[in-house]
There are 2 protein chains.
Amino acid sequence: MAVAAEIEPERSNSQTVRAQLAVRDLVLTGALKAGEHVSELSLVGRVGVSRTPVRAALHRLAEEGLLEPRAAGGFTVKAFSDRDVLDSIEIRGVLEGLAARLAAERGVSLTAIAPLRRCLAELDEVVRQTGRSVEIFSDYVALNARFHAVLVGLADSRPLERQIERAVNLPFASPSAFVMVQSTMPEARTILTIAQDHHRCVLDAIEQREGARAESLMREHSRLASRNLALALRNQETLDLVPGAALIRSSSIA
Amino acid sequence: MAVAAEIEPERSNSQTVRAQLAVRDLVLTGALKAGEHVSELSLVGRVGVSRTPVRAALHRLAEEGLLEPRAAGGFTVKAFSDRDVLDSIEIRGVLEGLAARLAAERGVSLTAIAPLRRCLAELDEVVRQTGRSVEIFSDYVALNARFHAVLVGLADSRPLERQIERAVNLPFASPSAFVMVQSTMPEARTILTIAQDHHRCVLDAIEQREGARAESLMREHSRLASRNLALALRNQETLDLVPGAALIRSSSIA
DNA sequence: CGTATCCGAGCTGTATACAGAAATACGCCT
DNA sequence: AGGCGTATTTCTGTATACAGCTCGGATACG
């Protein structure tokens, strides 16, 4: 089918996963507008699999929070207010803060923290660089994602990992969601420097078993994202750099 | 089928929901042991619906955290260490703490807080009562659940509600999970009194917009559950009063 | 002209049939 | 007698057929 060819032919192992990725992309790119009802049959044509995996994918995306189940059955694309986004970021901050505190309180061996130290050093290099801004930032995004993931692992708590994974699944709530927005701003380098100092201090706090400090640092760290969100909402064009921006219906279209 | 008759004939609207409830019960009662592989076909016979809704139910239960997806496909009943349970309770405390703080910081009108005040008054009465211990506690459980639910609503944040709902879905992480354990203990009344004082102080803190106080109170409040867990783990017989206790594989079977 | 009712199209929920993969058990070979 | 390979069986993943329901439109009536 012609339309199906639009979607990458990625022959992933599972049809369900393929459908999930395809539909998620449709939602995040705005091909399916917020509030719109998304029917199973229409997707069957678009992603080229039968109803069963499409159905499973829709349920999973509803669990992720991108779709909203209707009482009558079926799903609609969820719309997020700016406060919803803000709250999602705060939730992530609180949970990551808990992870940092647990790591600190329970103690982490030096060998366990070593990978994170290495990650920190790599981030240092990226921040120190003075090249093409966009490239620096995309390097930063990748390393930053790794840093956060490994940090959460230090808490060594499966329940917490699960909960954080869910919080981060909302694309605009991920630790790196708003980093690219900074790349368009004059004080870009400043913010990176501050964020990286957060990283460093959190590691120090964990090493010295300062739980409260580690926790509040991670919270404040997440608020960098909140601040970037506020900036992005002012100049609408930079908002396109944020994944899933199509879902954010700005309440202030004055 | 004879076996299907064991399950209540509850003709709920949806086959999927029926299957979900039935399988959840099988897991929580221990009919399906922790670690055991749960096959779709075997459940088809037990709950009396076809594979499609059973399959959907299994995926939902995996999302809830009661089942664990296997790489090869299918699911196993998840096992929880006591630390997993402890962490789950801590996660709930942290999230409910966030809810209380947001409510306090953003401000709550007196009319909005009124239902919670009423709930508090009803709890007061229950705590003051001096009747059959078990009845008092089951009354308390119901009211306590309502109190927590309404409190979370005060934060007025859909993302946070979603996240907390997920945290509470783990049966032993719910606010009332370990209340029944107290009913067997001599200092039962004492704990209820303390818990109720937490409730009262949190409301006061929210009214007076003391965010930090509201947050730390809710955290400490959740730690009552942690303490009850520790007690329940000592006398194994009281552990049966906890929903889903069958999933907790005590690491210390000394 | 507005409103209520009825009918039809489309969609979801459910059941089942089929294919491929994994686990198990059996038999054969060493 | 034990280990390995193969065959069988059982399972999951996927596709499709069917039934009931919901929603929208058209028509008739006030």
Side-chain angles (χ1 to χ4, degrees), chain A residues 1 3-5 7-24 26-27 31-33 35-64 66-78, chain B residues 1 3-5 7-24 26-27 31-33 35-64 66-78:
Chain A
M1 230 177 224
V3 191
I7 310 299
E8 294 219 354
E10 39 181 341
R11 62 274 176 268
S12 140
N13 10 15
S14 160
Q15 300 286 78
T16 301
V17 172
R18 195 183 314 179
Q20 190 175 356
L21 295 175
V23 177
R24 186 194 283 137
L26 290 175
V27 170
L32 292 171
K33 276 164 250 157
E36 189 176 342
H37 171 80
V38 40
S39 89
E40 298 174 1
L41 237 63
S42 68
L43 291 176
V44 166
R46 290 218 232 190
V47 311
V49 300
S50 90
R51 265 190 65 204
T52 305
V54 165
R55 187 177 178 71
L58 291 184
H59 276 98
R60 291 192 192 179
L61 290 173
E63 256 311 316
E64 281 187 22
L66 265 52
L67 300 181
E68 190 145 32
R70 294 191 321 171
F75 301 90
T76 59
V77 179
K78 198 184 270 189
Chain B
M1 230 178 221
V3 191
I7 309 299
E8 295 220 354
E10 38 181 342
R11 63 272 176 267
S12 142
N13 12 14
S14 160
Q15 300 287 77
T16 301
V17 172
R18 196 183 313 181
Q20 190 176 356
L21 294 176
V23 177
R24 185 194 283 136
L26 289 175
V27 170
L32 293 172
K33 275 165 251 157
E36 188 175 342
H37 171 80
V38 39
S39 89
E40 298 175 1
L41 236 62
S42 68
L43 292 176
V44 167
R46 289 217 232 191
V47 310
V49 299
S50 91
R51 267 189 63 207
T52 305
V54 165
R55 189 178 177 71
L58 291 183
H59 275 98
R60 291 192 192 178
L61 289 173
E63 257 310 317
E64 280 187 23
L66 264 52
L67 300 181
E68 191 145 33
R70 296 190 320 172
F75 301 90
T76 60
V77 179
K78 197 184 270 188

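Reckoned from all heavy atoms, side chains included, excluding hydrogens, waters and symmetry mates. Computed from a prediction, not measured in an experiment: that's the story for all the values here. Chain letters run A, B, ... following the sequence lines, proteins first, then strands; residues in each count from 1.
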Euclidean distance, atom CZ of residue A:R51 to atom P of C:dA15 [Å, nearest integer]: 14 Å
Do B:R55 and A:T52 pass the side-chain contact (heavy atoms from CB on, under 4.5 Å) test, and can you show the C-alpha distance, the side-chain angles, and the key distance before you say yes or no? CA-CA 11 Å; B:R55 189 178 177 71; A:T52 305; 5.6 Å; no
Taking CZ from B:R70 and P from D:dT10, how many angstroms apart are they, rounded to a whole number? 16 Å
With a cut-off of less than 4.0 Å, is there a side-chain N or O of B:R55 near OP1 or OP2 of D:dG13? yes
Within the structure, does a side-chain N or O atom of A:H37 lie under 4.0 Å from either OP1 or OP2 of D:dT22? no
Would you kindly give the NE2-to-P distance between A:H59 and C:dT12, to the nearest whole Å? 11 Å
Indicate yes or no: at least one non-hydrogen side-chain atom of A:K78 is less than 4.5 angstrom from one of A:L66. no
Please tell me if B:T16 has a side-chain N or O lying less than 4.0 Å from either OP1 or OP2 of C:dG13. no
If each of A:P53 and B:F75 is mapped to the nucleotide of DNA chain D with the nearest heavy atom, which maps nearer the 5' terminus, i.e. the 5' end? B:F75
Is any side-chain heavy atom of A:E64 less than 4.5 Å from a side-chain heavy atom of A:V27? no
Polar pair under 3.5 Å, donor/acceptor by atom type, side chain B:T52, base C:dT16: yes
Short side-chain N/O contact from A:S42 to OP1 or OP2 of C:dG10, under 4.0 Å: no
What integer distance in Å separates A:Q15:CD from C:dA21:C1'? 15 Å
Can you figure out which of D:dA15, C:dT12, C:dT16 approaches the side chain of A:L41 most closely? C:dT12
Round to a whole Å and report the spacing from CD of B:Q20 to P of C:dT14. 12 Å
Closest nucleotide of DNA chain C for B:S50 versus for A:V38: which of these residues is on the 5' side? A:V38
Value in whole Å for how far the C1' atom of D:dT12 lies from CG of B:L67: 15 Å
Residue pair B:K33 / B:V77: nearest heavy atoms and the distance that separates them: O-CB, 3.4 Å
Round to the nearest Å and state the distance from A:E40 atom CD to D:dT14 atom P. 15 Å
Can you tell me which residue among B:E68, B:H37, B:H59, B:E36 is in a side chain to side chain contact (heavy atoms under 4.5 Å, CB included) with B:F75? B:H59
